[in-house]
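We name chains A, B, ... by the order of the sequence lines, and we start the count at 1 in each one. What's counted below: heavy atoms across the whole structure, side chains too, no hydrogens, waters or symmetry copies.
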Amino acid sequence: MAAPALGEWIQNLPGTNWEAVPAHRPVPRHVFDAAAWNDLIAMLAVADWELFGLWGDDDTIHVAVRDPGDGLLVVLSHPCPDKSFQSLGHVRPGAIRLERAAADLHALISFDGPDRRPWLDHGRWERSRLFASAPYPFLPVDGDGVHQIPVGPVHAGIIEPGHFRFHCNGETVVRLEVRLGYVHKGVETLMAGQPAFDAVKLAGRISGDSTVAYALAFSRAVEAASGAAVPARAVELRALMAELERLANHFGDVGAIANDAAFALLHAECGRLRELILRAAERCFGHRLMMDRIVPGGVAVDLDTGGADALAELVDELAVRLRHVVDIYNAKPSLLDRTTNTGIISAELVQRFAAGGFVGRAASRDFDARKQPGYPPYDALAFEVPVRRYGDVHSRVTIRVEEIDQSLGLVRQLLERLAGPAARTELRATLPAGSGEGLALVEGFRGDVLAWVRLGGDARVIRAHLRDPSWFQWPLIEAAIEGNIVADFPLCNKSVNGSYSGHDL
Amino acid sequence: MWKLIARNLLTAPVTEPPPPVSREALVELAAQVDKAARARLGRSLSIRQIDAGSCNGCELEIHALNNPFYDIERFGIRFVASPRHADVLLVTGPVTANMAEALQRTYAATPDPKWVVATGDCALDGGLFAGSYAVVGGVSAVVPVDLHIRGCPPSPTQLLSGLLALLEHVERGGVPR
């Protein structure tokens, strides 16, 4: 029996078990009692609905669920006054770490969760749970000749901290377990009570490489909650910054992946191209990473004609040099030998975890938040979402290269639109005084960033939650490395490039 | 590939002249010279970078120091994989509670003489994250700091001029505090 559509299923639930929450925009939010929550778990076991987020909020657990059939995204909220709820982890493994985080941060416990070890809580906060300071019980591996390699949190290279526990037999990885949470900074607690204009600065520092995506996601959620309308020029400038961020990261990572396969030439070339983009960003927007340029209601800076010309020139140069990069990559069997068939993440896993970004799109998951649910100005721009099937390092590199191509096209289109009859009167709308709740999904270079905000009448944040795409990508690296050799781990890891800070919050 | 190499050989390198040595940094460092100790290091510094809680913005710019425009190795400054090989710990981020011990242990694992450079506004005093239940504070809350490089994140040029000041200081026989 085919599962019904998500929207239809909710409407057919007994009316006593759920109710719609007003003033949650643009997608609906419903409050589910225990019976409806139970039904949801039963349905998730048979339906292909995707888990897009799970977060705590005082005595309530919220989940964002999406029906890939019609694209409907809803937030379902389950009040748990006794601080416990039935786990989604058995039917949606992507929920497991999110539930562990909700236990650490909000003391909301999934009483039947498949894994109830602490996650972000390392037993070092005043509010830490008692048992969290005990040695972390890594999952055991038994067998002749099995040995452990502990790596991190401080590990070689200029990289964020995390702990990797390898169980190996000879060179082959038998099991990898990742432990994260080292850079947990308590961002959501800091945001609570702050005016939205201050909180956006924190949002822009959740993951520095995605500062534009985060500021955009947070601002869009605030605008949805308050009902603000962003001026057209600001919408286009935001997209321009977002595409420049995507380009800079994709170039940087393609080079870094080549470097992890000991091919320095591409690393140098890609590092050079990335630098050109950051310099253009500095020239056009006054900050190399474009931090604090997107604010609730619009943008903080305009693009002048000189900047637009510089960008147009840059895009032409990047397009030419990208071809050289691709030609070199494809002509090096020793490099391809490292990337092909390495670190395979299957389409099935990607579906189960609803992994976004190039990780998902390298393994058949055709999802890009710019298309679906979509947001302006992308609905008016022509671009394609490249998808591959095989899910190895090579596929992820290829997707990134293809995305660079698409982004170059998007920058060209945006520059054309921005050069049109300059209605450059307004870059920033004032936020209406209305209170409410808003959700936004924004496609960063790494994948979809989900932002959820509850806003008070004075444009203050009551509660905000930001979910990094890495939540659904980190678990997959553990699967990708299985059966590979230890020496290929850096390559696999870089090809996924999960965010530590974005994940740890 | 040969085309690219040929073009790079035929054109001038993109590597830029070094930025001026940061006066500000020299002043901060000069305040710490007590006696003229012998410079043991010559004109070279090995840096171990530690992210103690940053948003990774600083890491991106530290990475950029290795790109052809800045080419930090021409100054004898290089990044090493182990604190055992390091003269300098380049520490970023507000120090999170979950990273404080790792930072302390890395500091302890670094042989003397050693210098600590706190990088970025958060490393100074916790920045925007100061006051959080999960943040201990700036780097100096956990290990002694010799030099601060400001910025959110500091640009590669700012990083370079701060590190060159440290190199000059070390050459003149400056000692860590």
Side-chain angles (χ1 to χ4, degrees), chain A residues 120-122 124-128 152-161 181-187 189-190 198 201-202 204-209 211 248-249 252 255-256 265 267-269 271-272 274-276 278-279 282 288-289 291-292 321 324-325 327-328 331-332 499-502 504, chain B residues 1-5 7-8 14 47-71 79-83 90 92-94 96-103 105-106 109 120 122 126-136 152-153 155-156:
Chain A
L120 301 178
D121 185 352
H122 293 194
R124 291 165 191 271
W125 314 325
E126 240 167 66
R127 58 154 88 167
S128 280
V154 177
H155 30 89
I158 302 163
I159 183 172
E160 299 181 84
Y182 290 93
V183 285
H184 176 75
K185 294 182 273 293
V187 175
T189 306
L190 286 169
D198 293 336
K201 293 201 181 92
L202 277 170
R205 284 161 183 80
I206 286 175
S207 184
D209 53 17
T211 179
N249 282 306
L265 180 89
H267 185 224
E269 175 68 3
R272 184 172 164 175
R274 174 182 161 86
E275 178 70 19
L276 291 178
L278 299 192
R279 289 181 175 204
E282 164 91 40
R288 286 164 56 91
L289 304 180
M291 275 179 172
D292 304 329
R321 299 188 79 127
H324 295 307
V325 167
D327 289 346
I328 294 171
K332 287 281 159 282
S499 169
Y500 302 70
S501 185
D504 292 354
Chain B
M1 180 170 84
W2 300 114
K3 261 194 265 173
L4 182 74
I5 292 175
R7 198 187 46 214
N8 286 350
V14 294
I47 300 182
R48 169 68 252 206
Q49 195 268 339
I50 304 167
D51 176 342
S54 101
C55 73
N56 92 21
C58 290
E59 278 64 37
L60 295 175
E61 295 298 54
I62 294 169
H63 260 297
L65 290 172
N66 282 319
N67 80 31
F69 285 88
Y70 304 104
D71 187 20
F79 291 95
V80 294
S82 166
L90 189 65
T92 61
T96 61
N98 289 351
M99 270 305 285
E101 188 192 337
L103 174 57
R105 286 212 213 171
T106 309
C122 297
L128 286 178
F129 304 101
S132 165
Y133 65 90
V135 168
V136 177
C152 186
S155 67

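Only the side chain of A/Val187 has a heavy atom closer than 4.5 Å to any heavy atom of chain B. With a 4.5 angstrom heavy-atom cutoff, A/Arg288 touches chain B only via side-chain atoms. With a threshold of 4.5 angstrom between heavy atoms, A/His155 approaches chain B through N, CA, C or O but not through any side-chain atom. For B/Ala109, no part sits under 4.5 Å from any heavy atom of chain A, backbone or side chain. With a 4.5 angstrom heavy-atom cutoff, A/Arg127 touches chain B only via side-chain atoms. Proximity to chain B (any heavy atom under 4.5 Å) is shown, for A/Asp209, by both the backbone and the side chain. Both the backbone and the side chain of A/Ser207 have a heavy atom closer than 4.5 Å to some heavy atom of chain B. When heavy atoms are compared at a cutoff of 4.5 Å, A/His324 approaches chain B solely by way of its side chain, counted from C-beta outward.
Between B/Asp51 and A/Ile159 there is no side-chain heavy-atom pair separated by less than 4.5 Å.
Within the model, atoms CG of B/Leu128 and NZ of A/Lys201 stand 7.5 Å from one another, a figure rounded to the nearest 0.5 Å. The CG atom of B/Asn56 sits 12.5 Å away from atom CD1 of A/Ile158, with the distance rounded to the nearest 0.5 Å. To the nearest 0.5 Å, atoms CG (A/Asp504) and OG1 (B/Thr96) are separated by 8.5 Å.
Listed for the B/Asn67 side chain is no donor-acceptor partner under 3.5 Å among the backbone atoms of A/Glu275. A donor-acceptor pair under 3.5 Å links the side-chain atoms of B/Asn98 to the main chain of A/Leu120, judged by distance alone. A donor-acceptor contact shorter than 3.5 Å links the side chain of B/Arg48 to the backbone of A/Gly157.
Contacts of A/Leu190 classified as side chain to side chain contact (heavy atoms under 4.5 Å, CB included), with partners at least two apart in sequence or in another chain: A/Leu202, B/Phe129, B/Ser132. With sequence neighbours excluded, no residue forms a side chain to side chain donor-acceptor pair (under 3.5 Å) with A/Glu282.
Between A/Lys185 and B/Ser54, the shortest heavy-atom contact is NZ-O, 3.3 Å.
Ring orientation note: the planes of A/Trp125 and B/Tyr133 are nearly perpendicular, at an angle over 60° on the 30°/60° scale.
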